Amino acid sequence: MVDIYEDIRKGERGAWVSIAAYLVLSAFKLISGFYFASSALLADGFNNLTDIVASVAVLIGLKISQKPPDSDHAYGHFRAETIAALVASFIMAMVGIQVIVDAVRALAAGEQTEPDVRSALISLVCAAAMGGVYWFNRRLARQINNQALMAAAKDNLSDALVSVGAAVGIFGAQFGLPWLDTVAAIAVGILICKTAWDIFRDSTHNLTDGFDEKELRDLRSSISRIPGVEGIKDLKARVHGNHVLVDVVIEVEPHLTVIESHEISDRVEERMRRIQNVMHVHVHVEPKGTA
C-alpha cells in the first residue's frame with residue numbers, strides 16, 4: 001500500500017505541470033486573441049481555462065485519495081479523483097456550450113473579422129509547448145503505471161491538436177474567408193463538450209461499478225489457468241479510483257484439505273495482484289460439483 005501512495009504523490013507532479021502550463025498558455029492565448037481579434041485563439045484560451053479546472057480537480061482527487069482507509073472507507077479514498085473528474089466535466093461542458101453560443105451568435109450577426117496572421121503563429125507555438133507537456137505526463141504515467149495521469153496526458157495531446165486546428169482556421173481567414181476563424185471557434189467549443197462528455201461517461205460508469213467486459217474476460221482467463229482451479233462460478237470486478245477490486249468464486253476438487261484449498265486461493269490472489277492496478281482480491285472457494 002505504501003508503494004501505491006508513493007505513486008500517487010509522484011502523479012501530483014504531472015498535475016502541477018499541467019496546471020502551470022495551462023495558466024501560462026491560457027493567459028497568453030486570451031490576451032493575444034483579444035489583441036489580434038481571433039475568435040479561434042480566444043476559444044482555445046477558454047479551452048485551456050477549463051483544462052485548469054480539470055487539472056486542479058485531478059490534483060485534489062489525488063490528494064484526497066492518499067488518505068488511508070478508516071472506519072467509513074475500508075477500501076481507502078481512491079474514488080475521490082473520480083468524483084472530482086465528474087465535477088470538472090460539468091464545468092467544462094458549460095464553458096464549451098458558452099463558446100459555441102458566442103461563436104454562432106457572431107457568425108449569424110456577420111461580425112467576423114480577419115484575425116492577424118501572427119495569432120496563427122502563436123497557436124502553433126502553444127501547440128508545441130503543450131506537446132512537450134503531453135510527452136512529460138505520458139512518460140511519468142508509464143513510469144508509475146497511473147491511468148488517470150495517462151488520461152490527463154491524452155487531454156494534453158488533444159489540446160495541442162486544438163491549437164493546431166485554431167491555426168488552420170486563422171490561416172484560412174487570410175485567404176478571404178474571415179468566417180473560417182469563427183467556424184474554427186465553434187469546432188473548438190464542440191471539442192470541449194466532447195471531452196466533457198467523455199469524462200462524464202467514464203466517471204459515471206466507474207462510480208456505478210461498471211467494468212469493461214473485455215478486461216473481465218481477461219481476468220477470467222488468467223484465473224482459469226491457475227493450477228488447482230477447476231472452474232469459476234462467479235467473477236465480479238469494479239474500479240476504485242485508479243485501481244481494481246476483484247471478487248471471485250472458484251471451484252476446486254472436493255477431496256482437497258482446507259490448507260490445500262487455501263494455497264490455491266493464495267495463488268489466485270498473487271496472480272491477480274500482479275495484473276495491472278488490481279489492488280484487492282477476495283477469493284471464495286467451493287468444492288467442484290456443488291449447486
Side-chain angles (χ1 to χ4, degrees), residues 1-8 10-11 61 65 69 73-83 85-86 137-155 157 198-291:
M1 191 65 67
V2 175
D3 292 338
I4 294 176
Y5 292 131
E6 180 62 28
D7 286 344
I8 293 174
K10 290 180 180 178
S65 65
H73 303 83
Y75 292 103
H77 299 74
F78 297 107
R79 277 190 173 177
E81 60 182 87
T82 308
I83 297 173
L86 182 63
N137 280 338
R138 184 189 65 172
R139 182 171 177 270
L140 180 58
R142 287 180 174 177
Q143 285 179 350
I144 64 177
N145 194 27
N146 189 300
Q147 292 181 343
L149 189 58
M150 180 60 74
K154 292 179 180 179
D155 185 44
L157 178 60
D198 290 341
I199 295 174
F200 172 81
R201 181 190 58 198
D202 293 343
S203 299
T204 53
H205 185 258
N206 292 337
L207 289 172
T208 54
D209 285 341
F211 197 78
D212 185 80
E213 293 183 359
K214 181 181 180 301
E215 292 184 26
L216 197 62
R217 289 194 298 269
D218 291 342
L219 292 175
R220 179 179 291 272
S221 176
S222 180
I223 294 173
S224 64
R225 293 195 301 268
I226 297 175
V229 176
E230 299 297 326
I232 300 175
K233 295 189 67 174
D234 191 26
L235 175 63
K236 299 183 180 71
R238 60 190 186 277
V239 176
H240 190 62
N242 208 37
H243 311 284
V244 174
L245 309 179
V246 175
D247 296 283
V248 59
V249 179
I250 63 172
E251 294 181 311
V252 300
E253 290 294 344
H255 65 269
L256 296 180
T257 65
V258 173
I259 294 177
E260 290 172 331
S261 299
H262 183 70
E263 289 176 349
I264 296 174
S265 176
D266 286 342
R267 287 199 292 269
V268 172
E269 292 181 7
E270 182 182 357
R271 175 74 64 85
M272 289 295 95
R273 289 196 176 104
R274 287 205 304 266
I275 296 177
Q276 180 179 357
N277 285 337
V278 176
M279 181 183 72
H280 174 80
V281 184
H282 176 75
V283 183
H284 178 74
V285 179
E286 292 188 0
K288 183 180 180 181
T290 59

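All values derive from a computational prediction rather than experimental measurement.
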If you count the non-hydrogen atoms of other residues, nucleotides and ligands that lie under 6.0 Å from CZ in R139, is the total more than 12?
no
Give the minimum heavy-atom separation between L86 and T204, together with the two atoms involved.
CD1-CG2, 3.8 Å
Any ring pair (Phe, Tyr, Trp, His ring centres under 6.0 Å) pairs touching residues 220-242, not counting sequence neighbours?
F78-H240
One should read off an interatomic distance between K233 NZ and H284 NE2, to the nearest 0.5 angstrom, of 8.0 Å
Tell me, do D247 and R238 make a side-chain contact under 4.5 Å, heavy atoms counted?
yes
Of M272, E270, R271, which meets side-chain contact (heavy atoms from CB on, under 4.5 Å) against I226?
R271
Atom pair CD1/CD1 of I223 and I232 - distance to nearest 0.5 Å:
5.0 Å
Determine whether V258 and V285 make a side-chain contact, defined as any pair of heavy atoms from C-beta on separated by less than 4.5 Å.
no
To the nearest 0.5 Å, what is the distance between NE2 on H282 and OG on S265?
8.5 Å
R217 side chain to D212 backbone, donor-acceptor under 3.5 Å:
no
What closest approach, in Å, do R79 and L207 show between heavy atoms, and which atom pair accounts for it?
NH1-O, 4.0 Å
For H262, check side chain to side chain donor-acceptor pair (under 3.5 Å) against everything at least two apart and list the hits.
D266
If you round to the nearest 0.5 Å, how far is NZ of K236 from CG of D209?
11.0 Å
Residue pair V248 / L219, side-chain heavy-atom distance below 4.5 Å
no
On a heavy-atom basis, which atom in V252 and which in G228 lie closest, and how many Å separate them?
CG1-O, 3.7 Å
Mark yes or no for whether S203, through its side chain, and F200, through its backbone, hold a donor-acceptor pair below 3.5 Å.
no
Look up atom CZ in R220 and atom CG in D234, then write down how far apart they are to the nearest 0.5 Å.
7.5 Å
So which heavy atom on S261 is nearest to which on L256, and how close?
OG-CB, 3.8 Å
Rounded to the nearest 0.5 Å, the CD1 atom of I83 sits from the NE2 atom of H77 at a distance of 10.5 Å
Closest non-hydrogen atom pair between F211 and V239, with its separation:
CD1-CG2, 3.9 Å
